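Structure record follows, encoded as structure tokens.
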Amino acid sequence: MKKLKLLSLFIAFALLLSACSSSSGGSKKKTAEKVDTSLFPQTVKNDKEIIEDGTLNYGLVTNTPFEGTLDYAFYQGAYDAEILQFFSEPLFSYNADHEMTNDGPATFELSDDWKTITIKISDKLKWHDGQPVTAEDYEYSFLVIGHPDYKGVRYDALMENIVGMAEYHAGKADKISGIEVLDEHTLRIQFKQSNPSLLTGLWPYAMPKHYLGDVPVKDLAKSDKIRTKPIGYGPFKVKNIVPGESVEFERFDDYWKGKPKLKTVIVKVVDPSVVLESLKKGEIDIAYGFPTTMYPDAKNLKNVQYLGRIENAYTYIGFKLGHWDAKKNEAVMDNPKFQDVRLRQAMAYAIDNKTVAERFYHGLREPATTLIPKFFKTWHNDKVKGYNYDPEKAKQLLDEAGYKDVDGDGFREDPNGKKFVINFASMSGSDVAEPLAKFYIQNWKDVGLNVQLTNGRLIEFNSFYDMVEKDDPNIDIYQAAWGTGTDVDPWGLYSKKAPFNYSRFVDEENERLLEEGHSEKALDKEYRKKIYDQWQEYMAEKVPVIPTLYRYELWPVNNRVKNFTIEWGKNSFMWSDVGVTSDKPEVAKE
């Protein structure tokens, strides 16, 4: 999985092996039990007293080691983000609309024109080594992300909007003129233009300048101070790390909200194949990344309760349309293979997402229609219907574009009569990751397209993203998923200036709409809504990526856990309040 900014990229988790028993998306459909998602609460129920000095076991459900880049400025894996939350937190709290509030360890004042924000950090906030968190620490995080040697992905449109940031980023200045430290705990940031994403997208993390400042920015991401000995100001301190496998945390008594109720938290990787057994035995108290396809087999476990919510995420299939120019820091759309939009549209019509959602996921997925998911109730354009399964329409478009079966082998040649093979990169995962990839391949075969797995196999998670990010020529299309975070602005995923624009789609109208979406005029929500409606329609027409599924996530939680919630606006800084009501996890009775 990947998370970024307040963004995240997720692995498409398991599909049941039996779900792919038919060769085509449109045949031999089985009736699946549909889950009523309204039945899932978002907060655990437990009326018992929390015990002192308890231990909580937190499972990361994956068959891939976590990357271990444990700093918000550099991490990309969602599992790293799950580890970070225990020891490193944002300076601000957020409400149910994902807007910053003044209930966290830092407060802010915003000018009427939305061009100046003044932040004051509480003097109660301390790093794990006892040093105070200062305004210079917060400034330092911007200096790192804006540095010319910074190779991460957090440098975005809102960063560049800071006065003086572009000059600093280009190496023409040694400071950011628009960021001013007023005193030990107060910082002021000035912006060139008002931006409606300010309260949902402002970078909220400080970095310990006294601890990291002697490490060159180009070396920070791989340094021991980030990978094996990180410090933060969250409720728990890192005690021990087994790289890729587990992290043990101990309580931070000087936490700004007060002494946490848990003494120890152990975060560990749990393979999807054994997660049910781990839950039954009480080996983990909470399972993050629980494959929802397992719910029918797990729903009757008496020792856990299930929390659920709509994810701010969607799965998608991307087309490799070009490459990333590292010198210019922008995408270049120069791959001729998928330049004909009719080919891209045909491949979208060819896949049967309704079957995947209903039969494979028991109603815990639904076909995706736009690149702003339903999580964003205000901004999602429900008038855009996307690409419903229509293989005949797909065939018609391919015929019009000149893709025809010239030699009679069942596969279409390209418009020049040459063999046309599409290399499809898909990640390894559970036992059903391969049947999922084969299901899509069969859908495309049904309309005459010869799609094959890149290198003839599924690709391990970290290697997959390395290949996608480096525009490996062996990848024509790829299957992945985005977590959108809580800022609706899609610039960071689809602008030509955004490294996460993995499809390398470059288009003037796309850029115009993205810029308008966070312009001063977009402070008017009606105007911004109009722009994002247009953007969703336009991207559906151009289809540089095919959104496939919106998703619902489930969190199995052992009955002994108390004060754990996944409700937006109520889960800010909750970990100091979470506790357990017995010294041993509840075990499922056979």
Side-chain angles (χ1 to χ4, degrees), residues 1-2 9-25 60-67 76-79 244-245 269-275 289 291 293-294 315-321 323-324 335 337-338 347 350-353 355-356 360-361 409-412 419-482 502-504 545-546 548-549:
M1 298 189 200
K2 293 241 173 180
L9 180 64
F10 293 78
I11 290 179
F13 279 118
L15 287 173
L16 294 174
L17 183 60
S18 61
C20 292
S21 57
S22 63
S23 63
S24 172
L60 305 177
V61 185
T62 173
N63 62 358
T64 301
F66 59 80
E67 294 174 16
Q76 293 186 45
Y79 300 110
E245 297 182 14
V269 169
V270 180
D271 193 278
S273 64
V274 300
V275 65
T293 50
M294 291 185 176
T315 56
Y316 73 98
I317 291 169
F319 297 94
K320 273 296 182 182
L321 303 176
H323 74 279
W324 181 257
N335 181 2
K337 193 163 190 173
F338 294 102
M347 293 188 71
I351 55 179
D352 188 1
N353 291 315
T355 289
V356 174
F360 293 2
Y361 284 103
D409 67 349
F411 292 116
R412 297 171 183 265
K419 290 287 185 182
F420 188 67
V421 178
I422 299 170
N423 293 309
F424 176 35
S426 192
M427 286 175 279
S428 61
S430 71
D431 292 341
V432 294
E434 187 171 1
L436 168 59
K438 287 182 176 179
F439 181 85
Y440 282 126
I441 288 172
Q442 182 63 47
N443 279 173
W444 289 314
K445 181 179 180 181
D446 290 344
V447 299
L449 291 174
N450 186 1
V451 181
Q452 302 176 1
L453 286 176
T454 294
N455 300 331
R457 57 178 175 79
L458 298 180
I459 304 169
E460 181 269 334
F461 174 82
N462 293 319
S463 298
F464 172 89
Y465 279 110
D466 186 59
M467 293 173 70
V468 170
E469 289 165 1
K470 292 180 179 178
D471 303 312
D472 190 299
N474 291 313
I475 297 178
D476 295 320
I477 62 175
Y478 61 95
Q479 180 184 195
W482 281 123
Y502 288 151
S503 69
R504 312 312 184 198
V545 305
I546 307 168
T548 53
L549 297 172

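What you see is a predicted model; the values in this text were computed from it and never measured.
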Val545/Ile317 under side-chain contact (heavy atoms from CB on, under 4.5 Å): CA gap, chis, key distance, verdict: CA-CA 6 Å; Val545 305; Ile317 291 169; over 6 Å; no
Do the side chains of [Y] and [X] get nearer than 4.5 Å, heavy atoms only?
{"X": "Lys419", "Y": "Asp409", "value": "yes"}
{"X": "Leu449", "Y": "Met347", "value": "yes"}
{"X": "Pro272", "Y": "Asn63", "value": "yes"}
{"X": "Arg504", "Y": "Phe319", "value": "no"}
{"X": "Asn462", "Y": "Glu67", "value": "yes"}
{"X": "Met467", "Y": "Ile459", "value": "yes"}
{"X": "Gln76", "Y": "Tyr465", "value": "no"}
{"X": "Asp352", "Y": "Tyr440", "value": "no"}

Nearest heavy-atom neighbours spanning Glu460 and Ser428: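 Shortest heavy-atom separation between Glu460 and Ser428 comes out as CA-OG, 3.4 Å.
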Closest contact, heavy atoms only, His323 versus Asp471: CA-OD2, 3.3 Å
Tyr502 ring center near Trp482 ring center (under 6.0 Å): yes
Qualifying residues under side-chain contact (heavy atoms from CB on, under 4.5 Å), relative to Val269, sequence neighbours excluded: Thr62, Phe66
Non-neighbouring partners of Asp476 that pass side-chain contact (heavy atoms from CB on, under 4.5 Å), sequence neighbours left out: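 Expected list: Lys337, Phe338, Ile422, Asn423.
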Is there a donor-acceptor contact under 3.5 Å from the side chain of [X] to the main chain of [Y]?
{"X": "Thr548", "Y": "Thr315", "value": "yes"}
{"X": "Tyr79", "Y": "Val61", "value": "yes"}
{"X": "Asn335", "Y": "Lys320", "value": "yes"}

Gap between atom [atom2] of [Y] and atom [atom1] of [X] - 0.5 Å precision:
{"X": "Ile546", "Y": "Ser503", "atom1": "CD1", "atom2": "OG", "value": "11.5 Å"}
{"X": "Ile441", "Y": "Asp446", "atom1": "CD1", "atom2": "CG", "value": "12.0 Å"}
{"X": "Met294", "Y": "Ser273", "atom1": "CE", "atom2": "OG", "value": "7.0 Å"}
{"X": "Ser463", "Y": "Leu458", "atom1": "OG", "atom2": "CG", "value": "12.5 Å"}

For Phe464, ring pair (Phe, Tyr, Trp, His ring centres under 6.0 Å) partners two or more places apart: none
Working for side-chain contact (heavy atoms from CB on, under 4.5 Å), residues Tyr316 and Tyr478: CA-CA 8 Å; Tyr316 73 98; Tyr478 61 95; 3.2 Å; yes
Criterion side-chain contact (heavy atoms from CB on, under 4.5 Å) on Thr355 and Phe439, from CA distance to verdict: CA-CA 11 Å; Thr355 289; Phe439 181 85; 4.1 Å; yes
Working for side-chain contact (heavy atoms from CB on, under 4.5 Å), residues Asp472 and Asp466: CA-CA 9 Å; Asp472 190 299; Asp466 186 59; over 6 Å; no
